[in-house]
Amino acid sequence: MILNLISLRGSLSKSFLSHFPRKSNPAISLKPFQNPRKCFSWDLSRPTLACYAFDEFPNEVNEENLKGIEFLQLMEHRGICANCQTYTWLLDLCLNSGSLVECKKLHGKILKLGFGNESVLCNKLVDVYFALGDLDGVVKVFEDMPNRSARSWDKIISGFMEKKMSNRVLDLFSCMVEENVSPTEITFGSVLRACSGHGVGIRYVEQIHARIIFHGFQISPIISNPLIGLYAKNGLILSARKVFDNLCMKDSVSWVAMISGFSQNGYEEEAIHLFCEMHIAGVFPTPYVFSSVLSGCSKIKLFDVGEQLHALVFKYGSSLETYVCNALVTLYSRMPNFVSAEKVFSKMQSKDEVSFNSLISGLAQQGFSDGALELFTKMKRDYLKPDCVTVASLLSACASNGALCKGEQLHSYVIKAGMSSDIIVEGALLDLYVNCSDIKTAHEIFLTTKTENVVLWNVMLVAYGKLDNLRESFIIYRQMQIKGLIPNQFTYPSILRTCTSVGALDVGEQIHTQVIKTGFQFNVYVCSVLIDMYAKHGKLDTAHVILRTLAEEDVVSWTALISGYAQHNLFAEALKHFREMLDRGIQSDNIGFSSAISACAGIQALNLGRQIHAQSYVSGYSEDLSIGNALVLHRVDTVRKH
DNA sequence: ATAGGGTTAG
């Protein structure tokens with residue numbers, strides 16, 4: 001209707017109208033055609049304004065020259081007073097034209113005319129200043145505002161959040177609380193996002209949570225979902241679960257937040273379990289939840305569950321989603337053969353860096369460094385930029401294969417691409433040189449790094465361990481404690497192995513006390529090395545006690561003890577423990593087999609030795625050198641007997 | 001408001 005009328009007016013075209021904000025009420029808009037001037041003072045809608053301009057200034061106004069401030073000047077020239085609404089729309093024109101100068105002029109006029117108290121205008125000014133990037137302007141308007149409603153606070157808080165200025169958001173929130181303005185859902189939404197962006201302490205998050213409960217928002221998914229994420233990111237998985245359980249209306253985002261929270265914190269089984277619950281509850285599985293739960297399956301190598309999920313991915317139409325496919329590629333690339341991984345990968349419609357990284361890391365972790373490097377080349381050919389993750393995987397593959405030359409080439413790529421200070425690339429790089437026995441270069445790199453990365457220190461402990469240099473290892477170990485770095489489950493095995501190999505049981509015992517002090521006495525990795533150390537040095541009772549305190553013993557811990565018994569001629573004990581290990585459903589490794597065969601030789605148990613040999617053969621150790629040596633010994637001993 | 005890939009080990 002309006003457009004028809006407008007088109008009758010010739011030059012007043014649609015593009016002319018596009019200069020004006022779209023905010024028209026058709027019923028009112030018809031009025032100016034009867035009496036534009038009268039209408040102007042109390043109602044200015046988009047067409048009214050334009051029609052007025054056309055009626056009043058047919059020669060002066062056209063599509064090109066009409067700008068907000070010029071129009072205002074024309075109005076003033078004609079003696080017509082602009083009202084509050086006029087300024088609102090003029091400010092909207094600034095938004096479209098992007099002119100900060102004009103906005104400032106209008107701001108000045110608004111203050112001069114005494115419109116500075118109008119909250120509508122102030123909010124609009126905040127919008128425009130934000131859009132034009134003048135944050136000082138924003139703050140100035142806000143400081144001058146007389147009555148700051150929750151809505152105004154929300155506007156400025158979410159504005160700063162959009163600019164990712166978490167500090168400002170949290171400061172503003174404190175001010176808001178001080179002024180006793182009740183926060184809204186939107187306020188809490190921004191504040192929670194600021195918390196995760198800024199990495200604030202969990203105590204602060206808990207305070208915010210208390211306020212959320214106080215204001216009765218804990219049942220809102222919009223607030224509780226990010227809260228779940230925040231608790232999960234900080235490792236407080238129980239708090240996250242509590243928030244999740246308190247939600248009476250869980251939406252799909254709530255489920256994803258909780259499932260990914262579990263999956264990312266080492267609670268993969270719980271993640272899969274919760275996914276099943278979600279599925280039973282009839283909630284539609286989004287691509288988000290698939291990528292999350294699949295990632296959990298990859299981490300704990302639950303391939304069959306992953307395959308079942310893959311079927312669901314097809315069923316629910318997520319099979320073309322990049323995130324989902326990437327998670328599937330990761331899952332399948334952890335399997336011994338890469339057929340499924342390559343199938344998913346090649347069928348992907350749009351591959352990104354992560355798609356390549358998933359496959360590369362799979363190849364790298366299974367020792368196929370050439371295949372991984374080939375993909376690295378392919379990746380560059382597809383115009384995808386290899387990132388820190390790519391390089392870290394590749395470096396790790398080169399390190400484990402002793403491919404120093406290729407590793408060095410990657411090193412220069414790292415320097416060129418500016419990744420030298422990435423915390424993980426540094427670790428992988430250092431590991432490369434240590435593994436390739438270039439300890440000198442490794443130490444040089446170590447000296448150039450910042451000192452707060454525990455991994456680097458651990459790798460240096462491995463480095464000096466390789467040189468059997470316990471003195472230097474111990475200095476490093478001491479220094480990291482002085483720097484306040486907390487040893488982890490990688491630290492203790494590294495130095496303890498050196499103690500074992502140089503025969504420094506006293507130093508080892510000293511470290512054992514620290515293991516207990518820091519709560520690592522239940523860690524299988526740490527304990528297996530302790531058992532090995534004590535067993536090799538004849539303290540078999542101590543080694544035995546340590547094994548018994550483990551909740552979940554593994555092959556390496558058992559065989560460390562068994563080989564200790566065998567080495568100290570306690571053959572019956574060795575065989576007894578070998579039997580017990582098998583009875584517990586733990587498959588032997590080569591150390592276990594060779595120790596048991598040696599023990600058989602020791603007590604001249606030919607038949608048992610043959611049996612164990614057959615077992616080792618079935619377990620795939622037919623070409624193992626240590627077993628071969630044990631067999632030779634066995635033969636010699638049994639021949640000697642006859 | 002929710003998602004995928006990474007360094008050190010016996």
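If you're wondering where the values come from, they're calculated on a predicted model, not measured in any experiment. In what follows, every chain begins at residue 1, and chains take the letters A, B, ... in the order their sequences are listed.
- Residue A:R497 places none of its side-chain N or O atoms closer than 4.0 Å to OP1 or OP2 of B:dA9.
- In terms of modelled atom types and a separation under 3.5 Å, the side chain of A:N453 and the main chain of A:I423 share a donor-acceptor contact.
- Counted within 6.0 Å of NZ on A:K299, heavy atoms from surrounding residues, nucleotides or ligands total more than 12; the atom is thus considered enclosed.
- The side chain of A:Q365 contributes an N or O atom lying less than 4.0 Å from OP1 or OP2 of B:dG6.
- Using a 4.0 Å heavy-atom distance criterion, A:Q489 is classed as a base contact.
- Side-chain atoms of A:T322 and A:D352 form no donor-acceptor pair, as typed in the model, at a separation below 3.5 Å.
- Legend: residues meeting side chain to side chain contact (heavy atoms under 4.5 Å, CB included) with A:S252, ordered by chain and number and at least two apart, are A:V283, A:T286.
- Identified under the salt bridge (charged side-chain N to carboxylate O under 4.0 Å, His left out) test for residues 426-453 of chain A, with sequence neighbours left out: A:K440-A:E444.
- The side chain of A:S396 contributes an N or O atom lying less than 4.0 Å from OP1 or OP2 of B:dT8.
- Only A:S260, A:Q264, listed by number, bring a heavy atom of residues 258-271 of chain A to less than 4.0 angstrom from any atom of DNA chain B.
- Between A:R334 and B:dG6 there is a side-chain polar atom (N or O) within less than 4.0 angstrom of OP1 or OP2.
- A:S393 and A:S361 share no side-chain donor-acceptor pair at under 3.5 Å.
- Under the stacking definition used here (centres under 5.5 Å, planes under 30°), the residue A:Y323 qualifies as stacked on the base of B:dA3.
- Out of B:dG10, B:dG6, B:dT7, the shortest distance to the side chain of A:V524 is found at B:dG10.
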